[in-house]
Amino acid sequence: ETGVTQTPRHLVMGMTNKKSLKCEQHLGHNAMYWYKQSAKKPLELMFVYNFKEQTENNSVPSRFSPECPNSSHLFLHLHTLQPEDSALYLCASSQVGGRGLDGYTFGSGTRLTVV
Amino acid sequence: DAKTTQPNSMESNEEEPVHLPCNHSTISGTDYIHWYRQLPSQGPEYVIHGLTSNVNNRMASLAIAEDRKSSTLILHRATLRDAAVYYCILRDRDDKIIFGKGTRLHILP
């Protein structure tokens, strides 16, 4: 356990379904992130939240909708996805401010398959 | 974002040292050099970071060139569990972390 927990670990959903990915961190961090890792591609940063406020959206399609109700929880709501959205979705957290040298702590990811 | 260049893959024998190179010729004075690794079926994990001086921790050592345009991650005695993708990343304080393709390290028994 890294201190960042993602659920579910695996998810298969149809293109018309609505589902949510959950991320929870128990590290007292104040920033959280969503990354996408497709096969044979580098990790892509999707969203950044600092102190519950979204500070970055890297041109992510609106069928991905993040939510950060507090500094410990992060959700990624999914609807009308496409097969090419199948990937490993990774959540990370960090402590911003201070010395600014703290690393990211990642969860184990949710393996999403869109059928 | 400042760029890093790493070999796509490397091989090493078990129980031997491994030197993973990274070039970052456009590094700025405030960029820290971070290394992460990603084991199969897991999220990335932090390995080590440094600014100018060489650094050691329980996982690895980081050797930084005097001009800071390159660095080397050193695993002193590789085990099969060290097989992973290793990412060299430049990061200025609270900047977000952007991953490249990394180096896939294969460990031969």
Side-chain angles (χ1 to χ4, degrees), chain A residues 1-7 9-10 21 23-25 27 29-51 54-58 60 74 87-112, chain B residues 1-9 22 24 27-53 55 57-60 62 64 68 71 73 81 84-104:
Chain A
E1 285 297 329
T2 65
V4 177
T5 303
Q6 290 189 244
T7 54
R9 289 296 306 273
H10 301 271
L21 309 185
C23 176
E24 186 173 0
Q25 58 97 1
L27 302 169
H29 288 165
N30 53 26
M32 297 187 78
Y33 313 83
W34 279 117
Y35 283 82
K36 174 184 178 183
Q37 188 171 33
S38 304
K40 303 189 186 305
K41 291 176 71 174
L43 283 89
E44 302 170 61
L45 180 61
M46 301 173 72
F47 301 103
V48 179
Y49 277 82
N50 288 330
F51 299 96
Q54 186 181 124
T55 56
E56 190 155 337
N57 173 342
N58 283 311
V60 180
L74 185 64
L88 180 66
Y89 288 85
L90 289 156
C91 171
S93 70
S94 73
Q95 184 70 15
V96 297
R99 298 184 307 146
L101 299 176
D102 297 299
Y104 287 15
T105 302
F106 283 82
S108 296
T110 295
R111 174 71 62 185
L112 173 67
Chain B
D1 294 324
K3 300 293 186 188
T4 64
T5 304
Q6 300 178 253
N8 288 334
S9 65
C22 181
H24 29 78
I27 190 170
S28 75
T30 53
D31 282 333
Y32 285 79
I33 302 159
H34 290 248
W35 283 82
Y36 282 72
R37 71 178 186 180
Q38 187 172 18
L39 303 173
S41 302
Q42 294 188 29
E45 64 175 340
Y46 166 84
V47 177
I48 200 166
H49 77 272
L51 182 63
T52 56
S53 303
V55 184
N57 67 21
R58 64 174 180 81
M59 290 181 71
L62 176 60
I64 301 172
R68 300 210 325 127
S71 60
L73 179 71
R81 289 177 296 177
V85 179
Y86 286 78
Y87 300 97
C88 171
I89 298 161
L90 300 183
R91 184 180 181 215
D92 186 352
R93 293 190 65 83
D94 283 333
D95 275 359
K96 56 189 180 288
I97 290 182
I98 303 298
F99 289 85
K101 295 180 180 178
T103 296
R104 184 172 295 277

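Lettering of chains follows the sequences in order, A, B, ..., and the numbering in each one begins at 1.
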At a heavy-atom separation under 4.5 Å, does [X] approach chain B through its side chain, its backbone, both, or neither?
| X | value |
| --- | --- |
| Arg9(A) | side chain |
| Gln6(A) | neither |
| Gln37(A) | side chain |
| Leu45(A) | side chain |

Taking every non-hydrogen atom, the tightest pair across Phe99(B) and Pro42(A): O-CB, 3.8 Å
Determine whether Tyr104(A) and Lys96(B) make a side-chain contact, defined as any pair of heavy atoms from C-beta on separated by less than 4.5 Å. yes
Answer yes or no: does atom CZ of Arg68(B) have more than 12 heavy-atom neighbours from other residues, nucleotides or ligands under 6.0 Å? yes
Return the option, out of Leu43(A), Asn50(A), Leu90(A), with the maximum number of heavy-atom pairs under 4.5 Å with chain B. Leu43(A)
